[in-house]
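Order of the sequence lines sets the chain letters (A, B, ...), proteins ahead of strands, with each chain counted from 1.
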Number of protein chains: 2
Amino acid sequence: MADISTRKVNPLFLREEELRQGIELLFYAYRDFTAVADQMLEQYNFGRAHHRVIYFVSRNPGITVSDLLSILKITKQSLSRVLGQLVREGFIDQRTGLQDRRQRLLTLTEKGEALERELTEKQRALIAAAYREAGAEAVEGFRKVMLGMLGEEDRQRFGDDGPTGFRQRAG
Amino acid sequence: MADISTRKVNPLFLREEELRQGIELLFYAYRDFTAVADQMLEQYNFGRAHHRVIYFVSRNPGITVSDLLSILKITKQSLSRVLGQLVREGFIDQRTGLQDRRQRLLTLTEKGEALERELTEKQRALIAAAYREAGAEAVEGFRKVMLGMLGEEDRQRFGDDGPTGFRQRAG
DNA sequence: TCCGTTAAGTCAGTTTTATTGACATAATAA
DNA sequence: TTATTATGTCAATAAAACTGACTTAACGGA
């Protein structure tokens with residue numbers, strides 16, 4: 001399985017170069033990818049953190065605060081600042097959980113949905129253009145490689161238990 | 001070329017889902033990808049910015065400050081803090097340009113090279129594992145899609161004028 | 001019912017990483 | 001000579017995270 005790295009024939013220069021290109025592709029793509037939404041966020045006086053919260057609440061309606069934290073991997077205090085703003089300004093609703101009333105289930109308001117669409121629009125367009133140019137086969141390869149870089153935990157979210165495996169719907 | 005978006009047949013649900021998965025793959029992969037180096041950076045009291053500077057100087061020995069700025073897309077003042085530290089602590093050398101003596105050409109010292117290898121090692125391993133799992137064909141697809149997301153400017157760096165198109169070597 | 005644990009939130013202080021704006025120096029190039 | 005460029009610096013500020021300590025309310029098992 002991993003014998004390649006132990007071959008006598010040596011892990012050639014091209015392989016090293018290939019890997020470095022991979023590193024850089026990831027850097028550049030992510031940089032540009034976030035940049036297209038940043039412009040729009042400024043108009044609302046929001047930052048990337050707000051975008052991520054809006055995005056993942058959109059993807060997982062009814063998600064709990066702790067599940068959101070485990071996606072974002074930031075502290076409760078960091079989330080609090082951002083989430084508090086979004087709730088106060090009417091982009092996100094909090095409902096008390098029915099089974100467990102300690103939980104605050106998060107959903108986007110209509111206003112929040114509208115902002116989410118606006119924010120993700122350019123990112124979708126960027127990816128859509130890249131997918132279209134590259135073709136279906138390349139897209140399959142892209143997904144394979146990207147999935148391979150994720151930990152088991154994250155990889156499961158791309159399985160068959162819903163978009164990210166955190167969705168709750170119920171409330 | 002772009003007629004797809006204007007089709008009457010409507011841009012189906014699956015397409016939307018596919019794009020959203022792309023967005024998330026990029027988010028998770030980048031998050032994990034940076035995390036593996038962050039651990040090590042802490043030991044040196046450095047942050048991601050230091051890593052990026054070390055990385056791109058390593059890739060482009062003799063790069064000028066302004067070219068480095070145009071890769072990183074941060075302000076001169078932000079770079080200054082990080083670069084100054086790296087120079088003072090002996091990871092990066094500055095030489096005055098020969099043709100243009102206003103320029104400061106940046107190269108890694110041996111100490112800097114060592115740190116670079118150490119830092120990038122885990123990232124390379126992560127990508128290598130993903131490449132190996134996914135197979136050569138998938139890797140080609142990955143590269144196609146990622147390149148498609150870059151602006152023309154960045155895309156050229158992956159052409160045939162050296163690794164990133166900024167390398168200078170001379171000094 | 002009592003009690004330890006969990007989910008969520010808050011207060012206070014700090015750190016990292018970036019920003020804008022203004023300005024300085026030296027070298028290049030028209 | 002003079003405008004421009006490459007680099008660097010001072011000062012103030014902002015964004016987004018952090019640590020640590022603590023509170024409130026609800027759950028759940030003994």
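Taking the nucleotide of DNA chain D with the nearest heavy atom to each of A:R102 and A:N45, the more 5' of the two is matched to A:N45. Positionally, the nearest nucleotide of DNA chain C for A:V65 lies more toward the 5' end than for the other of A:V65 and B:A49.
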Pairing of DNA chain D as dot-bracket, 5' to 3': ( ) intra-strand, [ ] crossing, | other strand, . unpaired, with Watson-Crick or G-U pairs under 3.5 Å? ||||||||||||||||||||||||||||||

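For the pair B:R48 CZ and D:dA15 C1', the interatomic distance rounds to 15 Å; values are reported in whole Å. Between the CZ atom of B:F46 and the P atom of C:dT15 there is a distance of 18 Å, rounded to whole Å. If you take CG of A:L105 and C1' of C:dG9, they are 16 Å apart, rounded to a whole angstrom. The separation between A:R52 atom CZ and D:dA15 atom C1' is 12 Å, rounded to whole Å. Taking atom CD1 of residue B:I92 and atom P of nucleotide D:dG8, one finds them 11 Å apart after rounding to whole Å. With rounding to whole Å, A:I74 atom CD1 is found 14 Å from C:dA8 atom P. Rounded to whole Å, the distance from CG on B:D67 to P on D:dA6 is 9 Å. The CG atom of B:L72 sits 14 Å away from the P atom of C:dT17 (whole-angstrom rounding).
Checked against B:E24 for a salt bridge (charged side-chain N to carboxylate O under 4.0 Å, His left out), the options A:R59, A:R155, A:R124, A:R52 give a single hit: A:R59.
In this structure, B:E140 does not pair ionically with B:K144, as no charged nitrogen and carboxylate oxygen lie closer than 4.0 Å. The pair A:E16-B:R117 fails the salt-bridge criterion, with no side-chain N (NZ, NE, NH1 or NH2) lying under 4.0 Å from an Asp/Glu carboxylate O.
Contact annotation: B:S66 does not reach the phosphate of D:dT5 (side-chain N/O to OP1 or OP2, under 4.0 Å).
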As a quick check of understanding, evaluate side chain to side chain contact (heavy atoms under 4.5 Å, CB included) for B:Q123 and B:H51, giving each step before the final call. CA-CA 12 Å; B:Q123 294 190 328; B:H51 188 187; 3.6 Å; yes

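Nucleic acid contact class of B:Q94 (heavy atoms, under 4.0 Å, all strands): sugar-phosphate only.
Residues B:L106 and B:Q94 form a side-chain contact, since some pair of their non-hydrogen atoms from C-beta on lies under 4.5 Å apart.
Using cut-offs of 30° and 60° for the angle between ring planes, the A:F27 and B:F56 rings count as tilted. Taking the six-membered ring for Trp and thresholds of 30 and 60 degrees, A:Y44 and A:F46 have nearly parallel ring planes, at less than 30 degrees apart.
Atom CD1 in A:I92 sits 11.5 Å away from atom NZ in A:K111 (nearest 0.5 Å).
Hydrophobic cluster membership differs between B:L150 and A:V36, with clusters built from Ile, Leu, Val, Met, Phe, Trp and Tyr side chains linked at under 4.5 angstrom.
Counting atom types as modelled, B:R104 pairs no side-chain N or O with a base atom of D:dT7 as donor and acceptor under 3.5 Å.
Residues of residues 75-85 of chain B that place a heavy atom closer than 4.0 Å to DNA chain C, in numerical order, are B:T75, B:Q77, B:S78, B:R81.
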